[in-house]
Amino acid sequence: MRIILMGPPGAGKGTQAKRLVDQFGVVHLSSGDIFRAEKASGSELGKTLAQYMDAGKLVPDDVVVSVMASAVTKNSSGPGLLLDGFPRTVPQAESLDKQLAAAGKPLDGVMVIAASDQLIVDRITGRRSCPKCGAVYHVTNIPPKKAGICDVCGTALVHRTDDTEATVRQRLNAYKQQTEPVIAYYRTRPNVRIIEVDGNRATDEVTKALAAGMQSLAGR
Ligand code: AP5
Ligand code: MG
């Protein structure tokens, strides 16, 4: 099963993907998480990525495609892939399609999580993430048991450098201008189903709706 999880910043892609991985045994591939690990390594590639990410701009397609194509190849022999944050432009989607078709493992569907702009700003500015295990919290919506400390591994939580109000507005613009056309692109593909889920609801309700979507994609 190969599924893309799409949605604006703060829609809940990472939060929900972690829950779906446990339930469906698929591999969660988040381009943002992969890029942040590269940034943290201090490599030249990481420095290039940081210039775009910290400004809330999309990383150029050639850089994204080279990093993500090898991540997809490494993980494509397993039971399934849940892609989060990739593809985010039409050229990235075309490149992924070619790669999956060549491997004989085409895409099954795209699940789009919608969320209002106001909710997004609140979720992003209140988000805290674990730099070690990747667990995601929110200071009021989904707080850790002990303030500032990861429940899972005890590491001090961080506020992502791109989680400011100004940057999130820039990221929202990038989503509307460059990523929404990817949904239109997949609507033209007869074998790819698009499932839209209202992400403005409580976390458990969104998980239920997405799990039902995964079930229906798995049973097609
Ligand atoms: P990326 O890391 O993908 O960021 P994003 O798409 O902006 O999405 P987020 O991770 O911010 O949000 P999310 O939907 O995962 O929400 P979360 O579950 O954390 O990309 C970062 C940057 O990398 C990009 O800006 C770009 O520069 C670059 N990049 C990455 N991929 C690229 C690509 N393919 N091409 C070009 N550039 C690329 O939840 C958010 C908060 O809300 C959390 O605090 C959470 O606890 C809370 N929350 C979640 N769900 C709920 C709920 N239902 N109710 C209440 N609170 C909730
Ligand atoms: Mg995320």
Side-chain angles (χ1 to χ4, degrees), residues 4-21 28-39 45-46 48-69 71-72 82-93 95-96 111-116 118-130 134-144 150-151 157-164 166-180 182 197-210:
I4 298 171
L5 204 50
M6 211 175 262
K13 303 181 295 293
T15 301
Q16 297 296 340
K18 286 187 172 59
R19 294 168 160 223
L20 297 167
V21 159
H28 171 209
L29 269 188
S30 154
S31 49
D33 288 352
I34 292 170
F35 294 171
R36 276 182 287 280
E38 193 64 46
K39 263 177 75 179
L45 172 60
T48 304
L49 295 171
Q51 285 171 15
Y52 296 94
M53 295 171 76
D54 292 346
K57 294 185 176 159
L58 292 192
V59 174
D61 287 337
D62 56 340
V63 180
V64 174
V65 165
S66 76
V67 175
M68 292 309 292
V72 168
L82 188 57
L83 294 163
D84 155 8
F86 171 79
R88 230 166 164 112
T89 64
V90 172
Q92 291 178 24
S95 159
L96 174 70
M111 297 202 295
V112 185
I113 311 177
S116 74
Q118 189 44 51
L119 206 63
I120 284 169
V121 173
D122 168 69
R123 285 188 186 174
I124 291 285
T125 49
R127 173 169 48 195
R128 297 294 181 272
S129 319
C130 177
V136 178
Y137 303 87
H138 185 280
V139 286
T140 51
N141 301 349
I142 308 171
C150 179
D151 292 348
L157 300 176
V158 296
H159 193 202
R160 266 170 51 177
T161 47
D162 60 344
D163 276 354
T164 62
T167 312
V168 78
R169 294 213 181 269
Q170 173 68 41
R171 284 157 59 196
L172 254 174
N173 268 343
Y175 181 78
K176 288 174 184 168
Q177 287 171 19
Q178 291 162 278
T179 307
E180 281 183 352
V182 178
V197 166
D198 177 7
N200 295 292
R201 299 171 291 170
T203 317
D204 285 349
E205 285 180 54
V206 182
T207 308
K208 248 187 227 163
L210 289 168

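Quick caveat, the model's predicted, so the values are computed rather than measured. Whatever order the structure lists them in is the order used to number ligands and atoms, beginning at 1.
Under 4.0 Å is where a charged nitrogen must lie from a carboxylate oxygen, and between R171 and D163 at least one such pair does.
For a heavy-atom separation below 4.0 Å, the residues in contact with ligand 1 are P8, P9, G10, A11, G12, K13, G14, T15, S31, G32, F35, R36, M53, K57, L58, V59, V64, G85, F86, R88, Q92, R123, I124, R127, V136, Y137, H138, N141, I142, R160, D162, R171, R201, A202, T203.
H28 contributes no side-chain N or O that, together with a main-chain N or O of L20, makes up a donor-acceptor pair within less than 3.5 Å.
With sequence neighbours excluded, the residues satisfying side chain to side chain donor-acceptor pair (under 3.5 Å) with N200 are D198.
Atom CG of L58 is separated from atom CD of Q92 by 7.0 Å, given to the nearest 0.5 angstrom. Distance check: L172 CG to T167 OG1 gives 11.5 Å after rounding to the nearest 0.5 Å. For the atom pair R19 CZ and K208 NZ, the distance stands at 11.0 Å (nearest 0.5 Å).
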